[in-house]
Undergrad: 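Pasting in a structure now, in structure tokens, and then I'll have a few things to ask.
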Amino acid sequence: HSSVKKLWNAFRIELAYRSNQPDVSKLSPYFVCLDVATTCNLNCPLCQTGQNLNLKRESKMDLAHYQQSIEPLQEYLFSVNLYNWSEPFLNRQVYDIIQYNTDHNIASIISSNLSLKVDAERIVQSGLQHLIISADGIEQEVYEQYRVNGKLEKVIDNVKAIVAAKKKFNSSTPTLEWQCLVNKHNEHSLKETKKFAINLGVNEVRFANLNFYSSQDQDRWLPTNPNY
């Protein structure tokens, strides 16, 4: 997703920071994180959105407003994260937004719980570059400890459908990353989780740390393994 203009802009930004002169006011970002939705279908206990701690907003970004935001930057962008504190696939225009990025040589990256209805073929055909699948267990009773109201069966079905769509359209994208937040309830089955996810057809498995915004409930969630 590079071009001479993108590379030169990114080089100047990195040079400024490494020279301890971080005045990049006349340059453009080469990466953007932009939430295209404001809500989530799950109630994860350590998530600001899942616990309704964020500002209540029901709006979702439509394609026109996305274009308005990105158009001044698109000549310089390598990629856009279309997520942060929400579930991107709750926004039904997300496929059009991904397609817009693809048409302008910008990579789209999404992190999703995939425990909802998605269009697997549109995900592939839109040109989504990378899809992070947030799932923290391979048994419902373990998975739902953190992914409250999530359905593991739905996640698995969606992964299978996306893998099938990639084969149908002979596409190498999106690369699929199964992300597991390691906690006290799933740390005993990390090897099994990796094997299971790889067998589904994902490209990689990542075991990640939990994020705490207070000391509340740390004893409930922190794993015994000091690496996590």
Side-chain angles (χ1 to χ4, degrees), residues 35-54 56-61 81-95 97-98 108-124 126 128-166 173-187 189-190 192-211 217 220-221:
D35 241 339
V36 295
T38 58
T39 56
C40 187
N41 53 316
L42 303 188
N43 295 105
C44 303
L46 300 180
C47 174
Q48 304 283 79
T49 301
Q51 294 304 300
N52 297 314
L53 298 177
N54 288 338
K56 299 291 189 300
R57 294 176 297 156
E58 294 299 327
S59 60
K60 300 177 178 66
M61 179 170 282
N81 277 12
L82 298 171
Y83 70 94
N84 192 17
W85 286 104
S86 68
E87 171 48 59
F89 288 115
L90 288 175
N91 184 344
R92 305 312 293 177
Q93 291 199 41
V94 70
Y95 305 101
I97 290 171
I98 296 168
S108 300
I109 303 168
I110 278 182
S111 179
S112 170
N113 59 60
L114 275 193
S115 184
L116 73 170
K117 184 179 180 180
V118 299
D119 189 330
E121 293 198 355
R122 286 195 72 188
I123 287 174
V124 175
S126 66
L128 180 64
Q129 186 77 34
H130 190 77
L131 176 59
I132 302 167
I133 303 148
S134 297
D136 316 305
I138 55 175
E139 298 174 336
Q140 178 64 30
E141 58 268 27
V142 174
Y143 165 83
E144 68 186 6
Q145 291 293 319
Y146 189 78
R147 302 291 164 180
V148 178
N149 296 327
K151 302 298 181 184
L152 181 61
E153 183 179 4
K154 172 65 74 174
V155 178
I156 294 170
D157 288 345
N158 281 331
V159 173
K160 289 179 178 177
I162 295 169
V163 170
K166 288 174 64 176
T173 57
T175 54
L176 301 177
E177 174 189 331
W178 185 289
Q179 177 188 267
C180 174
L181 297 179
V182 181
N183 60 66
K184 186 175 291 185
H185 305 282
N186 64 23
E187 65 175 325
S189 59
L190 299 187
E192 292 82 359
T193 297
K194 182 175 183 178
K195 181 179 179 180
F196 178 85
I198 293 296
N199 285 340
L200 278 181
V202 305
N203 301 96
E204 58 185 291
V205 177
R206 179 161 60 95
F207 297 111
N209 294 349
L210 292 165
N211 289 316
D217 288 339
R220 177 186 174 190
W221 295 106

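What you see below is based on every heavy atom in this structure, not just the backbone, and it leaves out hydrogens, waters and symmetry mates.
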Undergrad: With the side chain counted from C-beta on, respond yes when Lys194 and Arg206 share a heavy-atom pair under 4.5 Å apart, and no when they do not.
TA: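 Lys194 vs Arg206: side chains apart.
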Undergrad: Determine whether Tyr146 and Leu42 make a side-chain contact, defined as any pair of heavy atoms from C-beta on separated by less than 4.5 Å.
TA: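 In short, these two side chains do not touch, never coming nearer than 4.5 Å.
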Undergrad: Students often mix this up, so state it plainly: with edges at 30° and 60°, are the rings of Tyr95 and Phe89 parallel, tilted or perpendicular?
TA: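 If you compare the ring of Tyr95 with that of Phe89, the planes turn out tilted.
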Undergrad: Might you point out which heavy atoms bring Arg220 and Gln145 nearest each other, and give the distance in Å?
TA: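 Of all heavy-atom pairs spanning Arg220 and Gln145, the closest is NH2-O, 4.0 Å.
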Undergrad: In a check of side chain to side chain donor-acceptor pair (under 3.5 Å) between Glu87 and each of Ser111, Ser115, Ser112, which one passes?
TA: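 Among Ser111, Ser115, Ser112, the one that satisfies the side chain to side chain donor-acceptor pair (under 3.5 Å) with Glu87 is Ser112.
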Undergrad: Mark yes when over 12 heavy atoms from residues, nucleotides or ligands other than Lys151 sit less than 6.0 Å from its NZ; otherwise mark no.
TA: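 For Lys151, atom NZ is not crowded (no more than 12 foreign heavy atoms under 6.0 Å).
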Undergrad: Does atom CD of Gln140 have more than 12 heavy-atom neighbours from other groups under 6.0 Å away?
TA: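 For Gln140, atom CD is crowded (more than 12 foreign heavy atoms under 6.0 Å).
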Undergrad: Dump the intermediate steps for side chain to side chain contact (heavy atoms under 4.5 Å, CB included) on Leu114 and Val159, then the final yes or no.
TA: CA-CA 8 Å; Leu114 275 193; Val159 173; 4.0 Å; yes
Undergrad: Could you walk me through whether Asp35 and Ser86 pass side-chain hydrogen bond (donor to acceptor under 3.5 Å, both in side chains), step by step?
TA: CA-CA 7 Å; Asp35 241 339; Ser86 68; 2.7 Å; yes
Undergrad: Measuring from Leu82:CG to Asn91:CG, what's the distance to the nearest 0.5 Å?
TA: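 Reported to 0.5 Å precision, the distance equals 9.5 Å.
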Undergrad: Can you measure from OG (Ser108) to OH (Tyr83) and round to the nearest 0.5 angstrom?
TA: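 Taking OG in Ser108 and OH in Tyr83, the distance rounds to 12.0 Å.
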Undergrad: Are the side chains of Thr38 and Trp85 in contact, using a 4.5 Å heavy-atom criterion?
TA: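 The answer is no; the side chains never approach within 4.5 Å.
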Undergrad: Within a strict 4.5 Å, meaning less than it, do heavy atoms of the Ile138 and Tyr143 side chains meet?
TA: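 The answer is no; the side chains never approach within 4.5 Å.
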Undergrad: Distance check, rounded to the nearest 0.5 Å: Ile97 atom CD1 versus Lys60 atom NZ?
TA: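 Those atoms lie 12.0 Å apart.
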Undergrad: Quick one: do Asp136 and Asn183 satisfy side-chain hydrogen bond (donor to acceptor under 3.5 Å, both in side chains)? Show the steps, please.
TA: CA-CA 8 Å; Asp136 316 305; Asn183 60 66; 5.4 Å; no
Undergrad: Quick one about Asn149 and Asn43 (side-chain donor to acceptor, distance below 3.5 Å, no hydrogens or angles considered), yes or no?
TA: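 Note: Asn43 and Asn149 side chains meet the donor-acceptor criterion.
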Undergrad: Please find the pair of heavy atoms, one from Lys166 and one from Thr175, that lie closest to each other, and give the distance.
TA: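 Heavy-atom minimum between the residues: NZ-CA, 4.4 Å.
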Undergrad: Taking atom CG of Leu176 and atom CG of Leu131, what is their separation to the nearest 0.5 Å?
TA: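 Leu176 CG to Leu131 CG: 5.5 Å, rounded to 0.5 Å.
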Undergrad: Carefully, step by step, assess Trp221 and Lys184 under the rule side chain to side chain contact (heavy atoms under 4.5 Å, CB included).
TA: CA-CA 5 Å; Trp221 295 106; Lys184 186 175 291 185; 5.9 Å; no
Undergrad: Taking salt bridge (charged side-chain N to carboxylate O under 4.0 Å, His left out) as the test, write out the residues that go with Arg92, two or more places apart.
TA: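 Result, salt bridge (charged side-chain N to carboxylate O under 4.0 Å, His left out) vs Arg92: none returned.
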Undergrad: With the side chain counted from C-beta on, respond yes when Ile198 and Val205 share a heavy-atom pair under 4.5 Å apart, and no when they do not.
TA: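 Sidechains of Val205 and Ile198: in contact.
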Undergrad: For the residue pair Ala165 and Val124, what are the closest heavy atoms and their distance?
TA: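 Ala165 and Val124 have their closest heavy atoms at CB-CG2, 3.6 Å.
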Undergrad: Working note: Glu177 + His130, criterion side chain to side chain contact (heavy atoms under 4.5 Å, CB included); need CA distance, chi angles, decisive distance, verdict.
TA: CA-CA 8 Å; Glu177 174 189 331; His130 190 77; 2.8 Å; yes
Undergrad: Please report the interatomic distance OG(Ser134) to CH2(Trp178), rounded to the nearest 0.5 Å.
TA: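 So the OG of Ser134 and the CH2 of Trp178 are separated by 10.0 Å.
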Undergrad: What are the two closest heavy atoms between Asn203 and Pro174, and how far apart are they?
TA: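 Shortest heavy-atom contact: OD1-O, 4.1 Å.
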Undergrad: Just one of Leu128, Thr173, Ile110, Ile98 clears the side-chain contact (heavy atoms from CB on, under 4.5 Å) bar with Ile123, so which one?
TA: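 The side-chain contact (heavy atoms from CB on, under 4.5 Å) with Ile123 is passed solely by Leu128 among Leu128, Thr173, Ile110, Ile98.
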Undergrad: Less than 4.5 Å apart, side chain to side chain, heavy atoms only: is that true for Leu181 and Phe207?
TA: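 No, too far: nothing below the 4.5 Å cut-off.
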Undergrad: Begin from the C-alpha positions of Asn113 and Val155 and carry the test side chain to side chain contact (heavy atoms under 4.5 Å, CB included) through to its verdict.
TA: CA-CA 7 Å; Asn113 59 60; Val155 178; 5.9 Å; no
Undergrad: Check Cys180 against Asn186 and note the closest heavy-atom contact, atom names and distance.
TA: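 Taking Cys180 first and Asn186 second, the nearest heavy atoms are SG-ND2, 3.6 Å.
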Undergrad: Supply the atom-to-atom distance Leu200 CG to Ile162 CD1, rounded to the nearest 0.5 angstrom.
TA: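 Rounded to the nearest 0.5 Å, the CG-CD1 separation comes to 11.0 Å.
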